[in-house]
Amino acid sequence: MSATLPAELLSESQRAEMHDLYRHLHAHPELSMQEHRTSALIQAELEKAGIEAFRCGGTGVVGILRNGDGPVVAFRADIDGLPIREDTGLPYASTATGVLDDGTEVPVMHGCGHDIHAATLLTAAKLLAGSLERWAGTIVLIFQPGEETAAGAKAMVEDGLWDRAPRPEVIYGQHVMPGLAGTIQYATGHTMTQADSWKVTLLGRQSHGSQPQDSIDPIVLGAHIITRIQTIVSREIDPRRAAVVTVGTFHGGLKENIIPSSAEFTLNVRTFDDAVREKVLNSLRRIIRAEAEASDAPDPVIEELYTFPKNYNDPEATADVVEALGKALGDGNVIEVEPLMGSEDFGLLGAAIGVPSVFWFFGGHTQETLDADQVPMNHSPFFSPAMEPTLSTGVRAAMAAVLSKAGT
Ligand code: ZN
Ligand code: ZN
């Protein structure tokens, strides 16, 4: 079943209400898993629209819109901000601060557009609640905390999301990205990588820098490991398969003439295939241990910091929703792209119950911004998507996707 969307989905006052909501969310971002005011606002807005809502996974909110017999469809928006000092100069720029888990006070910004995701899904929810004659079934609205730390989807699933909400036949999600506002980008099959982050602590033996014979030097050991793990991708993985191994930090020592007792580095792995991921992680463990043994050092301590699941767009569900998006936004505005090496925890929501999911990207920039030398990307302090047509496109896409299943 499908339903044709009117050219103007929102009235002037509905559009103004969405813009107010967006500006409010943008000005008041909260860090991952601390979205207390944000989730209270979302729950209140859902309940005001007559939609049953409950908390899940701490600061997550689930809205359930029931409208008789019909398909169950879920749509997810993430709601967390980032520890970034906003430098957009927007009149509604954030001056908020937050406290990280380690106690550090940091500026907070909606630097990844999750304010847009929340505002568009809330607006779509209100439109659906106000047009019960146009569809039938149940819509599960998932407002997920903590995407940026890979904690939120996991927290919601572990808090019984799928025991408390009806099982959907498909789960949709969307993310604003640099790209022309009004357009959608999607991939079929592999869409975003799985990511694994580790902290590795190298143990040595401290000595005076002039007496290396008394030391086990963890810095020399670290240098060997970091160089050698670059051969995993170049020498051990089939070149037709994608993998990335990046060492992002390396710390050790306090003074040039002391060989320290330990050093540490953090690394990040990106893969699409489960088999490739296993291979890379096993090779990392093997090289880290073997190099320590070659240095006569104790086994290094490997700590898994976090894991992002993969995002796989079910081909059949993708083809269905792409057709609906093309009708809603114009076929030329829905563009197939290569998978992204970035990661997202969205995929976990469907994988947890074996339900297919589809995740796409919508542009947030004007042509003028895209033509500039430096396009402000997600996570930049200058990230400032054009409010329109970005927000209206997000609502239109969400409505088209949901109604492609539940429309009458
Ligand atoms: Zn982000
Ligand atoms: Zn994001």
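For ligands, and for the atoms within them, numbers begin at 1 and follow the listed sequence. Atoms considered below: every heavy atom in the structure, side chains included; atoms not considered: hydrogens, waters and symmetry mates.
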Tested for side-chain contact (heavy atoms from CB on, under 4.5 Å) against Met156, the lone hit among Asp345, Leu348, Val62, Val61 is Val62
Check whether the ring centres of His175 and His114 lie less than 6.0 Å apart, and answer yes or no. yes
Is the ring pair His190/Phe272 parallel, tilted or perpendicular, if the boundaries are 30 and 60 degrees? tilted
With Arg277 as reference, evaluate Asp273, Leu281, Val280 under the side-chain contact (heavy atoms from CB on, under 4.5 Å) test and give the passing residue. Leu281
Only protein N/O/S atoms count here: give how many lie under 2.8 Å from the Zn ion (ligand 2). 3
Does atom CZ of Arg167 have more than 12 heavy-atom neighbours from other groups under 6.0 Å away? yes
salt_bridge(Glu293, Arg289) N-O dist < 4.0 Å: no
